[in-house]
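A note on names: the letters A, B, ... follow the listed sequences, proteins ahead of strands, and every chain is numbered from 1. Just so you know, these numbers use all the heavy atoms, side chains as well, and skip hydrogens, waters and symmetry mates.
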Amino acid sequence: MINPLRGMKDLTFEESERFEYIVNTAATIARRYGYGYIETPILEETALFKRSVGESSDIVGKEMYQFTDKGENDVCMRPEGTAGIVRAFISAKLDRQPVKQKFYYYGPMFRYEKPQKGRLREFHQFGCESFGEASVYEDFTIITMIAQIFDALGIGYELQINSLGCKVCMPKYRETLVNSLTEIKEELCEDCNRRIGTNPIRVLDCKNDKCQALLVESPKLKDYLCEECDPEFRKLKALLDQEGIKYTVNDNLVRGLDYYSKTAFEFVSSEIGAQSAIAGGGRYDRLVEFLDGKPTPAVGFALGIERIMELVKMPEKEPEGYYMGAMTPEAIPALLKLATKKRLTDKVTVEYNSKGFKSHMKGVDRANPRYAVLIGEDELNNGTVWLKDLESKEEQVIDINDL
RNA sequence: GUGGAUGUAGUUCAGUUGGUAGAGCACCAGUUUGUGGCACUGGGUGUCGCGGGUUCGAGCCCCGUCAUCCACCCCA
């Protein structure tokens, strides 16, 4: 027997219904905010992710499904969605037009990690990317939209926000931080020491208790935000307060991907184990430019569909359509004709085996239809069908053409 | 990549000091060619993850391996 690869899952029945429900709910809301659907390739040039996500990140450093294809191209399966969308945006030369563009997408992402609860090698994200809008109002709007999606799905969450600064304030802060970290270098863990050189901001995110204790005194980004970033972050908080969206400011929320700037946020759930982030995103004003486009401000997010599947409560399923069965084999062709006609408008389940009444009724219970339609010898001879409304329990024999 | 736990029927699980596999649920058939969900009767559907080893004999003990789950790490 051939099983799915490690960390990859088949979705069927309740699970696939959950998946669809989440995507549909999110897409419906995203469209109300002006987002249009975009589809980009799963396979991309490896360079795309090296330049966007960043070589210092774990995602690019050790988790990519990367290989050389038959044309000797260095390619990989996308480990996240934003890079591909930004590439598509630039490929279509949309960066040359001063028009705002908003896209939503969903689909599989691939990371070669060790699987655990809420962490798969192939997983699915739904995401939105808004291009050309530099205003913090857009950051606020996108957070509001996510909150609305989770509310619609009946999911509780905690929102964490932070500001990562911009090209003016970040370099200054970074320098100060590196100096401060270098002083306590010997006491910090191995990972942190490596990060001082590659991506010092990530040191703040270290889960090691000893490191965290040492970092209490280290310079805080919020004290270094520039004249533009500081008021914007304040404005964002004021807007969230006004909207009644609860949040906590998390100084250590630095995001795992290099391309974020200014607003960064994460939606967290306490009910799904250690992998608690159910959505994350932020602003990435410089990414378009990094990927050779004209400088274009942008903000976006992605939510983890599998993680949300564990939390969502599905609406109850209403009985729907028809179950059709025959109690004599000769009646089946007539049944098929009827089914084709009804399928123009309704869901129809047809049982091809002719069998007894009781047996059919068991099939009815399984199919959960609104109506049961059976044809026996009498009905076949008279050109009628036996029809039962499973809700009202009323039953009647009617002409086959009247159904 | 590191660590811990677990692999027995479709599923959830039991299986004693080592003696050749069992229960609930589900499923199928019948009671019942014409009123379902209930009930009763009957039916086990299995490479005990895989490969070695010890033993007269292994689901059980030993070694290896694979997979799953959980945590670290990372992140959606």
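- One finds a salt bridge joining A:R370 and A:E391 here, because a Lys/Arg side-chain nitrogen approaches an Asp/Glu carboxylate oxygen to under 4.0 Å.
- One C1' atom belongs to B:rG10, the other to B:rA26, and the distance between them is 7 Å to the nearest Å.
- Here A:Q116 reaches the OP1 or OP2 of B:rA71: one of its side-chain N or O atoms lies under 4.0 Å away.
- Listed pair A:R6 / B:rU68 meets the phosphate criterion, a side-chain N or O lying under 4.0 Å from OP1 or OP2.
- Comparing the C1' positions of B:rG52 and B:rG46 gives a spacing of 22 Å, expressed to the nearest Å.
- Counting atom types as modelled, A:K114 pairs no side-chain N or O with a base atom of B:rG4 as donor and acceptor under 3.5 Å.
- Of the charged side-chain nitrogens involved, none lies within less than 4.0 Å of a carboxylate oxygen, so that A:K102 and A:E133 do not count as a salt-bridged pair.
- On a pure distance criterion of 3.5 Å, a polar donor-acceptor pair joins the side chain of A:R307 and the base of B:rC75.
- A gap of 9 Å separates the P atoms of B:rA39 and B:rC25, to the nearest Å.
- Within the model, atoms CD1 of A:I143 and CG of A:L240 stand 5.0 Å from one another, a figure rounded to the nearest 0.5 Å.
- With P as the reference atom, B:rU16 and B:rA58 are 16 Å apart, rounded to whole Å.
- Applying the 3.5 Å distance criterion, the base of B:rG34 shares no donor-acceptor pair with the side chain of A:K388.
- If you take CD of A:E377 and C1' of B:rU33, they are 8 Å apart, rounded to a whole angstrom.
- Annotation: cation-pi geometry satisfied between A:K235 and A:Y137 (NZ/CZ under 6.0 angstrom from ring centroid, within 45° of ring axis).
- By the 4.0 Å N-to-carboxylate-O rule, A:E228 lies close enough to A:K262 to be salt-bridged with it.
- You won't find any donor-acceptor pair under 3.5 Å spanning the side chain of A:E63 and the base of B:rC75, going by distance alone.
- At a cut-off of 3.5 angstrom, counting only N and O atoms as typed in the model, there is no donor on one side facing an acceptor on the other between the side-chain of A:R366 and the base of B:rC27.
- Where A:W386 and A:A274 meet RNA chain B, the nucleotide closest to each residue was compared, and A:W386 sits on the side nearer the 5' end.
- Judged by Watson-Crick or G-U wobble contacts below 3.5 Å, the nucleotide B:rC69 has B:rG4 as its partner.
- Across the strands present, B:rA21 finds no partner; the criterion is a Watson-Crick or G-U wobble pair with both atom distances under 3.5 angstrom.
- Using a 4.0 Å cut-off between charged side-chain N and carboxylate O, A:D230 and A:R234 make a salt bridge.
- Regarding contacts with the backbone of B:rC73, every side-chain N or O of A:R111 stays at 4.0 angstrom or more from both OP1 and OP2.
- In this structure, the aromatic ring of A:F357 is not positioned over the six-membered ring of the base of B:rG36 within 5.5 Å between centres and 30° between planes.
- Across the P atoms, B:rG59 and B:rG1 are found 33 Å apart, a figure rounded to whole Å.
- Here the separation of B:rA29 from B:rU20, taken at their C1' atoms, is 30 Å to the nearest Å.
- The base of B:rG34 has none of its N or O atoms less than 3.5 Å from a complementary donor or acceptor on the side chain of A:E395.
- When each of A:M327 and A:A277 is assigned the nucleotide of RNA chain B with its nearest heavy atom, A:M327 is the one assigned upstream, toward the 5' end.
- The P atoms of B:rG3 and B:rG64 are separated by 13 Å, rounded to the nearest whole Å.
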